[in-house]
Amino acid sequence: MSLASSLQNPTTDITPEGDDYETVRRVIEMLTLDYREQPALETIAVRLGQSPTQLQKTFTRWAGLSPKAFLQAVTLDHAKRLLGNEGLPLLETALELGLSGPGRLHDLFVSHEAMSPGEWKAKGAGLTIRHAFHPSPFGQALVMITDRGLAGLGFCDPGEEPACYADMAGRWPLAHFVEDRATTEIYVKRIFDPNAWQAEQPLRVVLIGSDFQVRVWQSLLQIPLGRAVTYSDIAQNIGQPTASRAVGAAVGRNPISFVVPCHRALGKSGALTGYHWGLTRKRAMLGWEAGCVG
DNA sequence: ACAAGGATAGAAA
DNA sequence: TTTCTATCCTTGT
């Protein structure tokens, strides 16, 4: 089977910035674990065995932000700002502008297609899924492609690949899995390079889930870069205003993280209430995106 | 059918 | 801050 080979070869292909995420991850962890003592940048640098200057470089290379700006981008205040409580109901706005439908969605230019309920219930039977791990700005990324487009994107830290693979593959237990780095690599480059997002032909994405889940994920696709919505916003958007709890569960099952921007769903208070691949990664994504906007 | 459990939210103590 | 509860889609029995 391809599983073994994919696990033994966690790739060192591209991404000269591969190490940067490790640093960023540890900084975020320190900040959130010891948030009481508000460690200064210099303290953190020392703990990591780096000079503040090195840290400066790492952040600007990784996020396009100075360390100070990045740290700000990871606070509760910033999260609240993303929610943009200044009025404009985000999701409806996107709909009115005609950004929905098969055309452009998301800043990444995604065209989405949902699998039929029958195919969903088949648990992937008859489906061929090509997959591989690649380094990404958010750790190791597991990419899963069907002939209808990107079906899965998961993340983990180096060494956790087996669990990550099991998690993703278990979602379509009857599918046929083939490791195919050549196919997945094309997608990876496109997904994590904001410069490639301007491309004219959209990234094909296929949403495999229950009807309810697909509607939730489609709502997520309407959230622009640099904004966020609450779980209840989404519940409103799909016409079931009291189902915010169920929305949370559905968001959590999103198989294509980052591309379907589930990291832009926050609690009403602005708190990051959860993330399937770890809250640290959710913070990192929001911080990284702050760099894209500014 | 039924029961348990979530990445919720709001209210009460 | 912690706890209680209304709510509702999924999944396992």
Side-chain angles (χ1 to χ4, degrees), chain A residues 25 28-29 32-37 73-80 82-85 89-91 106 114-125 138-139 142 151-157 160 163-164 166-175 207-223 227-289:
Chain A
R25 202 200 87 225
I28 295 176
E29 273 173 357
T32 50
L33 260 46
D34 318 326
Y35 71 100
R36 288 156 202 287
E37 42 177 298
V74 176
T75 62
L76 183 62
D77 265 5
H78 181 255
K80 284 181 186 162
L82 292 179
L83 287 174
N85 294 325
L90 205 36
L91 296 170
H106 196 249
M115 287 225 158
S116 71
E119 287 171 301
W120 155 237
K121 289 193 200 110
K123 297 184 183 297
F138 310 107
L142 173 57
L153 180 57
F155 294 93
C156 66
D157 292 332
E160 296 172 346
C164 182
D167 181 321
M168 291 298 293
R171 297 171 187 231
W172 307 291
L174 302 182
L207 304 174
I208 313 177
S210 70
D211 177 63
F212 181 82
Q213 288 171 335
V214 167
R215 278 185 298 149
V216 168
W217 301 338
Q218 285 172 339
S219 298
L220 292 174
L221 282 169
Q222 294 168 212
I223 312 171
R227 300 300 303 272
V229 299
T230 66
Y231 297 96
S232 44
D233 286 338
I234 297 173
Q236 293 267 328
N237 188 56
I238 62 176
Q240 273 158 105
T242 58
S244 53
R245 190 81 191 269
V247 165
V251 171
R253 293 293 297 165
N254 168 30
I256 320 180
S257 39
F258 186 72
V259 171
V260 175
C262 57
H263 54 284
R264 296 185 198 145
L266 311 177
K268 198 143 212 175
S269 64
L272 280 63
T273 45
Y275 194 68
H276 188 77
W277 307 109
L279 279 178
T280 298
R281 218 176 301 277
K282 188 170 182 175
R283 288 197 184 87
M285 285 178 183
L286 292 169
W288 189 80
E289 290 189 339

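Every chain is numbered from 1, with letters handed out A, B, ... down the list of sequences. In this text the structure is predicted, and so the values were computed from the model without any measurement.
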(Q) When both hydrogen-bonding distances must be under 3.5 Å and the geometry is Watson-Crick or G-U wobble, what is C:dC9 paired with, if anything? (A)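 C:dC9 is paired with B:dG5.
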
Q: Could you please name the partner base of C:dT2, counting Watson-Crick and G-U wobble pairs only when both distances are under 3.5 Å?
A: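 Check on C:dT2: paired to B:dA12, both distances under 3.5 Å.
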
Taking [atom1] from [X] and [atom2] from [N], how many angstroms apart are they, rounded to a whole number?
X        : N      : atom1 : atom2 : answer
A:Gln240 : C:dT10 : CD    : C1'   : 14 Å
A:Gln236 : C:dC8  : CD    : P     : 13 Å
A:Arg245 : C:dA6  : CZ    : P     : 13 Å
A:Asn254 : C:dT10 : CG    : P     : 14 Å
A:Leu76  : C:dT1  : CG    : P     : 10 Å
A:Ile238 : C:dT7  : CD1   : P     : 17 Å
A:Asp211 : C:dT10 : CG    : P     : 8 Å
A:Lys121 : C:dT10 : NZ    : P     : 11 Å

Between the side chain of [X] and the main-chain N/O of [Y], is any donor-acceptor distance below 3.5 Å?
X        : Y        : value
A:Arg171 : A:Arg253 : yes
A:Arg281 : A:Phe138 : yes
A:Trp217 : A:Ala250 : yes
A:Lys268 : A:Thr230 : no

**Q.** Sorted by number, the residues of residues 273-280 of chain A with heavy-atom contact under 4.0 Å to DNA chain C
**A.**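 Per residue number, the list is empty: none.
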
Q. Taking all non-hydrogen atoms of both residues, which atom of A:Leu83 and which atom of A:Gly267 are closest, and how far apart?
A.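 Result for this residue pair: CD1-O, 3.9 Å.
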
(Q) Please compare A:Lys123 and A:Ala246 by the position of their nearest nucleotide in DNA chain C and report the one closer to 5'. (A) A:Ala246

Q: Nearest-nucleotide wise, let me know which of A:Thr242 and A:Arg253 is further upstream toward the 5' end of DNA chain C.
A: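 The answer here is A:Thr242.
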
Is the distance from OP1 or OP2 of [N] to the nearest side-chain N or O of [X] less than 4.0 Å?
X        : N      : result
A:Ser232 : B:dT8  : no
A:Lys268 : B:dG10 : yes
A:Ser244 : B:dA9  : no

Q. How would you label the contact of A:Ser269 with the nucleic acid (heavy atoms, under 4.0 Å): base, sugar-phosphate, or nothing?
A. nothing

Q: Please work out if A:Phe212 contacts a base, only the sugar-phosphate, or nothing of the nucleic acid, heavy-atom cut-off 4.0 Å.
A: sugar-phosphate

Q) Could you go step by step and tell me if A:Glu289 and A:Phe258 meet the side chain to side chain contact (heavy atoms under 4.5 Å, CB included) rule? A) CA-CA 11 Å; A:Glu289 290 189 339; A:Phe258 186 72; 4.1 Å; yes

Q) A:Lys282 and A:Leu266: side chain to side chain contact (heavy atoms under 4.5 Å, CB included), yes or no, with the steps? A) CA-CA 10 Å; A:Lys282 188 170 182 175; A:Leu266 311 177; 4.1 Å; yes

Q | Comparing A:Gly267 and A:Ala249 on DNA chain B - which has the more 5′ nearest nucleotide | A | A:Ala249

Q: Begin with the C-alpha distance, continue with both residues' side-chain angles, and end with the deciding distance and a verdict on side chain to side chain contact (heavy atoms under 4.5 Å, CB included) for A:Asp167 and A:Leu142.
A: CA-CA 10 Å; A:Asp167 181 321; A:Leu142 173 57; over 6 Å; no

